Amino acid sequence: MNRSLTRVASLLPAFERVDCFVLKLDFVSITTEFNTQLDRLRIQLPDEEDLTGSVQAILRLQDMYDIPAKEIAEGSIGGLNTGELNADACFELGRIAYEDGDYYHGFHWMAIAKERLDKETNKTTDMTEILDYMAWTAHELGNDKLALELTEELIELELDEYARQNDENAKTRMKHLADLKNKAKSNDIEEGDTVLIRNEVKKNKLTPIFDPRPQTVIKKKDNSILTMINAWLDDRDHLVVDRVQNRIKAVTGLDLDSADALQVANYGIGGHYDPHYDFSIRDDDDTSETEKRDGNRIATFLLYMTDVDAGGATVFPIIDVRVLPKKGTAVFWYNLRRSGKGIMETRHAACPVLVGTKWVSNKWIRTRGQEFRRPCGLTEDE
Ligand SMILES: O=C(O)CCC(=O)C(=O)O
Ligand SMILES: [Fe+2]
């Protein structure tokens with residue numbers, strides 16, 4: 001999981017460099033062909049959104065499986081080697097958690113980023129940024145004393161930086177910051193007093209530290225769709241698909257002429273599927289054409305095509321059943337009673353993949369053609 005994040009993260013700056021380089025090359029030789037090639041490459045490479053997605057996936061996993069941040073950072077989750085994170089990746093985790101309003105994880109990830117950065121010879125991120133976020137998150141968590149201490153540490157660093165720059169403007173700011181630092185020390189901060197945030201200091205515009213920073217509310221999307229990729233394979237597409245289909249037919253004794261094509265799905269880091277039913281609960285007005293023709297999904301045949309190193313179980317919360325993915329195995333269940341009524345106990349979900357990737361196939365079998373293979377019972381609940 002960490003390796004994917006590092007890969008996404010490491011490709012980002014490289015690509016930004018390409019962009020900068022191209023912008024600088026302001027002469028005619030940048031042909032349309034060159035730009036077309038570049039656009040093609042851009043589609044294949046991860047962008048900022050991919051990075052945010054990967055980071056959010058890791059935070060979701062951390063939450064769901066209650067994994068200490070340190071284990072993720074050190075790349076050893078429950079004894080599995082998941083690859084170490086550098087200070088910059090930890091910083092990204094802290095930043096996204098902060099932007100999601102999760103100050104607890106935000107602070108902890110920043111603290112780890114700080115620790116890691118101290119040890120790095122080739123620095124991957126900027127200490128002042130880390131301290132800035134730490135101070136804010138500490139404040140949000142109600143620990144103003146710690147926020148002040150971190151602020152002092154930040155000022156100290158900024159002062160060093162200004163001293164190195166040694167320009168007049170910087171000296172004035174330096175004096176101002178030194179005054180603030182003394183105030184902070186004597187705990188004399190009053191309302192309206194101005195204490196630094198790195199970016200504001202940079203812009204020479206100081207803001208009171210205890211003003212809540214405007215929140216960027218990132219609305220959580222339903223990641224079940226975002227983190228799982230799927231494709232539909234028809235039995236005519238490949239001999240193997242046809243063979244799989246025949247086996248399912250033999251094992252279940254059901255007719256597959258009305259079944260959906262085989263769905264193949266891949267879950268990446270943190271990939272999951274929220275609890276759901278495979279049959280439709282729509283009312284008559286809303287019934288799809290497929291359903292009108294072939295009926296509701298009477299049964300599900302779920303095949304596991306890979307082992308998953310950690311996470312990724314299929315769970316049925318109502319009946320308290322958990323199925324661990326194992327390559328070459330499958331689960332089969334009826335979604336409908338003989339009467340055609342949906343079985344509510346079939347509600348199920350795919351837990352986030354923690355380590356590794358997960359490949360599954362789904363064969364959804366429909367009611368048309370099952371009249372004599374699975375005849376109706378005498379009562380509604382049979
Ligand atoms: O991947 C899994 O474990 C379950 C998938 C599933 O429920 C579905 O695709 O409908
Ligand atoms: Fe499902």
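Just follow the structure's listing: the first ligand is 1, and inside any ligand the first atom is 1. None of these values were measured; they are calculated from a predicted model.
An N or O contact shorter than 3.5 Å is missing between Y304 and ligand 1 by distance. When only interatomic distances are considered, the shortest N/O to N/O separation between Y273 and ligand 1 does not fall below 3.5 Å.
Cation-pi check for K358 over Y267 is met; the charged atom lies under 6.0 angstrom from the ring centroid and within 45 degrees of its normal. Cation-pi geometry between R347 and Y277 is met: the NZ or CZ atom falls under 6.0 Å from the ring centre, inside 45° of the normal.
Close contacts of ligand 1 with N362, meaning ligand atoms under 4.0 Å from a residue heavy atom, involve 8 (C), 9 (O).
Looking at Y98 and W136, their side chains come closer than 4.5 Å, going by heavy atoms from C-beta outward. Contact check for R116 versus C90: side-chain heavy atoms found under the 4.5 Å cut-off. For the pair F107/L150, a side-chain contact is recorded, criterion being any heavy-atom separation below 4.5 Å from C-beta on.
Under the 4.0 angstrom criterion for non-hydrogen atoms, W364 is in contact with ligand 1.
Counting non-hydrogen atoms of neighbouring residues, nucleotides and ligands closer than 6.0 angstrom, the NZ atom of K123 exceeds 12 such neighbours.
With sequence neighbours excluded, the residues that form a salt bridge (Lys or Arg N to Asp or Glu O under 4.0 Å) with K145 are E149.
Counting only protein N, O or S atoms closer than 2.8 Å to the Fe ion (ligand 2) gives 3.
With a 4.0 Å cut-off on non-hydrogen atoms, V323 does not touch ligand 1 at all.
Between the side chains of T367 and N296, not a single donor N or O lies within less than 3.5 Å of an accepting N or O.
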